[in-house]
Structure formats: C-alpha cells, structure tokens
Amino acid sequence: MKVTAIANSNIALVKYWGKRNEELNLPFNNSISFTMDDQLQTVTTVEFDEKLKKDKVILDGVEANERESARAVKFLDVIRKMAKIKLNAIVVSKNSFPKSAGLASSASGFAALAAAASKAAGLNLTPRELSMLARIGSGSACRSVFGGAVEWRAGKKRDGSDSYAFQLSPPEDWRDLRNVIAIVSEDEKKVSSMEGMKRVKNSALFSCRLKTINERLRVIRNAIKTHNFAEMANAIMQESNNLHAVMLDSWPPVSYLSDVSLEIIKKVIELNESFAEPVAAYTFDAGPNAHIYTTLKHCNEIVKILKDINGVKRIIVCGIGEGIRFSDKHLF
Ligand code: 2P0
C-alpha cells in the first residue's frame, strides 16, 4: 500500500538542545514551538514492496546521499520492528524549501516519514504514538505531528514512553501571529545539531539553563493561552540568547550566529524600543537565519527593516499551520 503524508516544519520558542539519551532523542527539557504554514512543508510517499532488494530513498528528486540514506534506513528499521515486517521500502520526499536552509527540514521530514511509513507498514498509531515515533527520527519532528502551538514533554523514563508532544492550542487560535524568516545563509551548517548537542554537556552554563527554563516555559505557555504577545516576546528573545550563550560555552565552542544575525537582533531591539513595548521577537536555531515572531499589524514594517539589512538574502512570512495530514496525491 502506497501512503502519502504531509508535515510542516516548526520553529521553537523554547528550544530543544541537549539529549539525555542520544539513541532515542530524549531531551533534558520541555520545548514549545509553533507549527509553520504550508510554505515550510515536506510531502512524503512510502511503499513497502517485496520486489525491492534494499530501501530506496529519493529526496527532492535525487537519490539520498549515504548519510541521509543511512538515517532513513535506521528509522525504517524501527518501523519494521514495530510492524513485524521485513519488506524494503521506497521513500520519495519533497520539501517546499531548500533542505539545508536552516529551516528545520528534519522536523517536517521525519514527521512526514513517520506518518507515511508507519501507515504503509500497517500500523495504526495514535497521534501520541506517532509523535514518539517521529522523535526517534529527529527530536524536533515530534512537535510537527501537531498544528498550532505545541509542547514537547521531555519525560523522565529511560525508554522514552513519556517523551512526546501535545497541542497547546490549535492553529486557528492565533490567526494574526506571524514568523518573518530572514534567510541569511543557505549553506549547510558546519556543526550539526547532533554534534552541537553532544558538546553542550561540557558547558557549565548548561546546568544553569536547565534551572531557569521551567519559569520561561511557564511564561510562554501562559502568554500563548492569553494571546499576550508582549509577555511572550521578551521570554522568546531571552531564550534564544540563553541558547546561543550555552552553545558558545560548549567545548569545542559552537557558534551559529553571523554578523548579519547580530545586526537583525539590534534592529529588533531598536524597533521594540521605538514602540516602548515588544512588537517583535527574534529567535535563532542552529544557524544564522532569523525567525522573527510578530503580529500581522507589524509584519510589513519588519519586512521593510529586514530588506534594508545587507546580507539578508530572502524573506519568508509564515503563518501558523496544521499538523500531519494524509493525501492521495502520491509522489510516484
Ligand atoms: C529546536 N533545534 O527546538 C532546536 C533549536 C535546533 C535549535 O531541534 O538530532 O534536528 O535530529 O534530534 O531536532 C534541531 O535538532 O536534532 C533542533 P536531532 P534536531 O527546534
């Protein structure tokens, strides 16, 4: 049976960084994200077929490289074990955005693959089970199973059975929220998230981050519930600063922000000062591209500011989007 699933990327307000278990992608702390609209999307079709001698993975029209292919095969092995099947699969996947643009393609990629492959293997998983499965593919993928605002519960158990995402509020709840994305670099990052998360364990600041993160989670959760942008904004920016401070404090040091990123930070702070309240909040993942959360009212102004910054290559304005969906428009 051929199954096609669609998943959108998500951009965290409180970030996942550091694993208590690398095999199962179990984090140290809860994280909170918004799922993006269909501009940041992966569509994946999977079919298990007895005629195949090995798994075949096609990403954006070309055969996956060795590293990508090994990661997909390892994930398919998890699904084959769960479904008690031995068949090989063909996986065809298409992103609506460049794979290594720092736009979290692994989140939408593994969420779509988890959904398509588990169903194609005959499993009928609940959203929570699907979230746990996607997490094994890539941590942040567990959040892309759901739309709107999503929290990933870190959990405490060693087997990961209490580490999954759930929806805090549906996409239609905060219709005028936007993420203005400034693409600064489309190069593949030099230090992968996987490697960066290993190094963070050497950071003395990391234990301090974990002590203060619960308060930040509480503020953001509450701001989402009450649609209080100003309250959420400062917490988002402090969280991003804290994350990148911890990255720099890792050994060997990890540094993802560029001069252009720092210029964007400066401009957002100036904009907020001019309003005497936060109307925009920057956040950066494992790369120099900026994600500026704001409301529709201030969107054009932010786009204008970003366009004037030397080094900003492209701007994408994203709304809040849906979780996993299935489609009958197969890719092969
Ligand atoms: C996040 N990031 O919460 C954080 C913020 C990057 C910075 O999740 O090794 O690709 O596949 O579990 O999910 C990127 O890491 O890592 C990430 P793996 P993933 O969105």
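Counting starts at 1 for both ligands and their atoms, in listed order.
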statement: Distance col, row S106:OG vs M194:CE, nearest 0.5 angstrom, shows 8.0 Å
task: Before accepting this row, confirm whether a basic side-chain N of the pair E23/K74 lies closer than 4.0 Å to the acidic partner's carboxylate O.
output: yes
message: Using heavy-atom distances only, which candidate in A134, A107, S140 approaches atom 13 (O) of ligand 1 most closely?
response: S140
query: Backbone or side chain, does any N or O of K19 fall under 3.5 Å from an N or O of ligand 1?
result: yes
field: ligand 1 N/O within reach of A141 N/O, cut-off under 3.5 Å
entry: no
- line: With heavy atoms and a 4.0 Å threshold, my read on which part of E239 contacts ligand 1 is neither
field: Heavy-atom pair of closest approach, residues L26 and R158
entry: CD1-O, 3.6 Å
- request: Grab the two heavy atoms, one from S118 and one from L133, that are nearest each other, plus how far apart they are.
  value: CB-CD2, 3.9 Å
query: Which of the numbered atoms in ligand 1 are below 4.0 angstrom from a heavy atom of M197?
result: 15 (O), 16 (O)
- prompt: Linking Ile, Leu, Val, Met, Phe, Trp and Tyr by side-chain heavy atoms under 4.5 Å, what else ends up with V219?
  reply: none
- prompt: So is there a nitrogen or oxygen of R71 less than 3.5 Å from a nitrogen or oxygen in ligand 1?
  reply: yes
task: Mark up the atoms of ligand 1 that fall under 4.0 Å of a heavy atom belonging to A286, in ascending order.
output: 6 (C), 7 (C)
statement: Within the 4.0 Å heavy-atom cut-off, what S138 brings close to ligand 1 is both
Heavy-atom closest pair, residues A165 and V150: CB-CG1, 3.7 Å
statement: Short version for S31: what comes under 4.0 Å of ligand 1, heavy atoms counted, is neither
task: Report the part of R143 (side chain from C-beta onward, or backbone N, CA, C, O) that has a heavy atom under 4.0 Å from ligand 1; answer both or neither where that applies.
output: side chain
query: D55: what forms a side chain to side chain contact (heavy atoms under 4.5 Å, CB included) with it, not counting sequence neighbours?
result: V73, L76, R80, N88, A89
task: May I ask whether E22 places a heavy atom under 4.0 Å from ligand 1?
output: no
